[in-house]
Amino acid sequence: HWVVGRFLSKKEQNMAPARSTFHQFVVPPLPEYRADCHYTSLPAFVLPAEAQGFKACEMTMERRHVHACHAGALVHALEKWDFHEVGAIDWQRIDENWAAAVKHGFALVPDPVKTLA
């Protein structure tokens, strides 16, 4: 399993063994150079039902789905938090952030099941 938080070139992806999974946390998503590997979808959230007035859609998402980083920014605004998650995250606040997202009605978009050939 490879957890990826930045672009990986074809050369870098080729360093992974066959049948590896690339867990992506990078926007835009990685080009899928390897047919013998699995690429997860970008982590995403469904906007809460009460969220109204959103007139934009994300580049790789269905309507009312947002990238996790954008959902995080919305949760921070709703909570009126004065800290941010740019750069390294504070792992000690992960549970707090998750609880706030759930409280406000955000839900994870399930990763579609993809099988390797």
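The model shown is predicted, which means the values in this text are computed figures rather than measured ones.
Using a 4.5 Å heavy-atom cutoff, the side chains of Val75 and Trp98 are not in contact. With contacts defined as side-chain heavy-atom distances shorter than 4.5 Å, the pair Thr40/His38 qualifies. The side-chain heavy atoms of Glu96 and Trp81, taken from C-beta on, include a pair separated by under 4.5 Å.
Contact detail for Pro17 and Cys37: the closest heavy-atom pair is O-SG, 3.8 Å. Nearest approach of Arg34 to Ala16, heavy atoms of both residues: NH1-O, 3.0 Å. Looking at every heavy atom in both residues, Lys103 comes nearest to Glu79 through NZ-OE2, 2.7 Å. Heavy atoms only, all atoms of each residue included: Tyr39 and Tyr33 are closest at OH-N, 3.3 Å.
Not one N or O on the side chain of Arg64 forms a donor-acceptor pair closer than 3.5 Å with the backbone of Phe45. Side chain of Gln13 to main chain of Pro31: a donor-acceptor pair is present (N/O by atom type, distance under 3.5 Å, no hydrogens or angles). With hydrogens and angles disregarded, no donor-acceptor distance shorter than 3.5 Å links the side chain of Gln24 to the backbone of Ser41.
Annotation: the span from Ser20 atom OG to Asp36 atom CG amounts to 8.0 Å, rounded to 0.5 Å. Asp82 CG to Lys80 NZ: the interatomic distance, rounded to the nearest 0.5 Å, is 12.5 Å.
Side-chain heavy atoms closer than 4.5 Å link hydrophobic residues (I, L, V, M, F, W, Y) into clusters, and following such links, even through other members, never connects Val102 to Val46. Linking Ile, Leu, Val, Met, Phe, Trp and Tyr residues whenever their side-chain heavy atoms come within less than 4.5 Å leaves Val109 and Leu47 in two separate clusters.
Qualifying ring pair (Phe, Tyr, Trp, His ring centres under 6.0 Å) partners for Phe106, counting only residues two or more places apart in sequence or in other chains: none.
Side-chain rings of Phe83 and His76 approach one another, their centers coming within less than 6.0 Å.
Counting only residues at least two apart or in different chains, salt bridge (charged side-chain N to carboxylate O under 4.0 Å, His left out) contacts with residues 8-17 comprise Arg6-Glu12.
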